[in-house]
Amino acid sequence: MKIKPIFPVLLSASLLTFSCKEEPKTTEGNKTEIQKEQVSTQKEFDYTAGEFADIKVLRYQIPGWENLSLKEQKLVYYLTQAGLAGRDIMWDQNYRHNLKIRKALENVYTHYQGDKTTDSWKNFETYLKRIWFSNGIHHHYSTDKIMPEFDKAYLNELLTATNTTLKGEAFEVIFNKKDAKKVNLDKSKGLLLGSAINFYGTDVTAEDVDKFYANKKSPNPKKPLSLGLNSTLVKENGKLVEKVWKSGGLYGEAIDEIIKWLEKAQAVAENKKQADALGLLINYYQTGDLQTWDDYNVAWVEATEGNIDYINGFIEVYNDPKGYRGSYENIVQIKDFDMSKKMQVVEKEVQWFEDNAPIMDAHKKKNVVGVTYKTVIVAGEAGDASPSTPIGVNLPNANWIRQSHGSKSVSLGNIINAYNNAGGSEKLHEFAHDEEEVTLSENYGQLADKLHTTLHEVVGHASGQINPGVGETKETLKSYASTLEEGRADLVGLYYLMDPKLQELGLTDDYVKLGKAAYNDYIRNGMMTQLTRIELGKDIEEAHMRNRQWVSAWVFEKGKDAKVIEKITKDGKTYFDIKDYDKLRELFGELLKETQRIKSEGDYDAAKNLVENYGVKVDQAIHKEVLERSSKFEGKPYSGFVNPVLVPETNKAGEITAIKVTQPESFEAQMLEYAKKYSFLSVNK
């Protein structure tokens, strides 16, 4: 799972994923000593690469690159090239017309010689940048279709002037109401028929999917395969058929390029386990075999030695309303030795956290296996991880592999550092109830965020077990599985953030102040500030936003009689003021116990009631107020990144002799360069 930064209050630990995937929070307040050390030599670096619409594009560095051997640098380079080779896959997965639209608009952008000072041209540029950022015409976060601020006539004028062809549905859909939502979770509209995601044929229904997979059985029920993970399900002559993503199959042209670079990476692997894992990944891409995918994940989890690691494949299922199909992504990582050492204390104590969790004994793991946690330096990202990136990842997603072989949790240190250096504190002062709350956040907020991420990923996603005979959560909890899992992991972190154990382990000098800062920031964000990410009048649909609201709203309601959290109006503004932090921790524990029970027992009705009653609907008066209070700030609600550019130098024989790290000229330049170098899929369908 991935954790993506959460939003304008703090870059919270709750961002990591199972692969958890959350938007990063922009940080507010002063930096801890650890963070000051991280940025002390980077003060002159310009972290901002540009802004448009609701987006800020940032840059990140690769500290320590010069300390890698040439062989290690080659490994990083080959793995980043493998990731970029599959870039078009993500675009096509997101929507069936994305590649046609992107390539047409890029041709216009590159060749148009007309007047570029008009509002219409500026709106065209902004639209193109927005779809570049979202890997398609649907917003990367809300999944609503991005509507252009220019009309059909102007686009036709641009197409004609540049001799560009874009016709039929691919043209009309830019302007009409068709395929308005990439991922629809409203059952009344049809989970699939109401979703534009390109994982299914346009005539395939959610009921079709249920029936199709009801007849599919894994050879070993104790080791269930990730059915549907790497295929598109379509109807041919009325019969459901899987089109597998593999060499020689769907996306084969891009996958062959991925394989080419993975083979180069395997040749310079740091050790045999790493090479063997890469070999299995190559074989998986060649065959599309899901058993090979599981074999690869086991080998990958157990390959813990070396300075370089990576994530590559069809992994996160957030974009599939049915929770089967994985979006393509790639993250290449270099070990951050100093920070990883600091955080290993949590990894070593993971069994203590499990044993002392406020969940039923029957739901606890007797032996939490193989959780490894590292802070890493990102060297390159692609697909679902770029430009909008997670700040942490916990993989693999298969529960049986996690339980038997463990998992890898990573915090993306240089990404978090870039967010921290690009943030501001204005919104903290606007939405915090009093100066004490501000001071706590400034002094302990970022550390609380880091530790929450660690606890979320290392302990949260590794914690608990499903009862014998209960199916995978995508089967039992269905469309509520992702938000329940993210909320469960958040609750583990929240419960322990005010535990003296953290101070005993040397992770903080004051666990009470740490916990108070974390609770203030979480409730403020879950009840109010995250609402700047959605349009007034709309429900919450994104899994992480839902979980932050249902966690916050549940404890607020259950603690109402005891006045644990008070909703206060002061000078016409609303605040949520925590009055009893100890009782709030108890409530987090109660909710964690119930959430784990829901997962362990596969209680769909309870999951639905929890999410629908607390996590979906928005208090419209609060929402309007939050938007009005936030409107005076210049900050953008969403951020993402351009990647550093790895430039190989070669000798006369064509052998790489050095690899330099440079920064792209601009976001637009990198997008055009990627389109030129990594467009391997045909759009003539």
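Here the structure is a predicted model, which is why all the values come from computation and not from measurement.
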Check: [Y] main-chain N/O paired with [X] side-chain donor or acceptor under 3.5 Å:
X    : Y    : result
N297 : I401 : no
S226 : L229 : no
K260 : I255 : no
S134 : H140 : yes

For the [atom1] atom on [X], are there more than 12 heavy atoms of other groups (residues, nucleotides or ligands in this structure) within a distance under 6.0 Å?
X    : atom1 : answer
Q291 : CD    : yes
K235 : NZ    : yes
E66  : CD    : yes

Before accepting this row, confirm whether a basic side-chain N of the pair [X]/[Y] lies closer than 4.0 Å to the acidic partner's carboxylate O.
X    : Y    : result
E169 : K178 : yes
D92  : R96  : no
E242 : R325 : yes
E485 : R488 : yes
K676 : E106 : no
K273 : E302 : no
K374 : E347 : no
E236 : K243 : yes

task = Check the pair Y284, Y296 against ring pair (Phe, Tyr, Trp, His ring centres under 6.0 Å), reporting the backbone distance first and the verdict last.
result = CA-CA 8 Å; Y284 163 67; Y296 159 70; 7.5 Å; no
Grab the two heavy atoms, one from [X] and one from [Y], that are nearest each other, plus how far apart they are.
X    : Y    : value
W261 : Q81  : CD2-CB, 3.4 Å
K599 : L477 : CA-CD1, 4.2 Å
V268 : Y78  : CG2-CD1, 3.8 Å
P664 : N643 : CD-O, 3.4 Å
L278 : A269 : CD1-CB, 4.5 Å

Classify the ring geometry between [X] and [Y] as parallel (under 30°), tilted (30 to 60°) or perpendicular (over 60°).
X    : Y    : result
F314 : Y285 : perpendicular
H97  : Y95  : perpendicular
H405 : W400 : perpendicular

ask   = At what distance, to the nearest 0.5 angstrom, does CD of E673 lie from OG of S666?
value =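 Spacing of CD (E673) from OG (S666) equals 11.0 Å.
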inquiry  = Using 0.5 Å steps for rounding, measure from the NE2 atom of H138 to the CZ atom of R130.
reply    =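 Here the rounded value is 12.5 Å.
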query = Taking the six-membered ring of W300, is NZ or CZ of K408 closer than 6.0 Å to its centre and within 45° of its axis?
reply =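 Yes - K408 lies over the ring of W300, closer than 6.0 Å to its centre and within 45° of its axis.
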query = Under the 6.0 Å and 45° cation-pi test, does R102 pair with W132?
reply =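 Pair R102/W132 does not count as cation-pi.
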task = Show the numbers, then the answer: is there a ring pair (Phe, Tyr, Trp, His ring centres under 6.0 Å) between H139 and Y141?
result = CA-CA 6 Å; H139 194 277; Y141 202 84; 7.2 Å; no
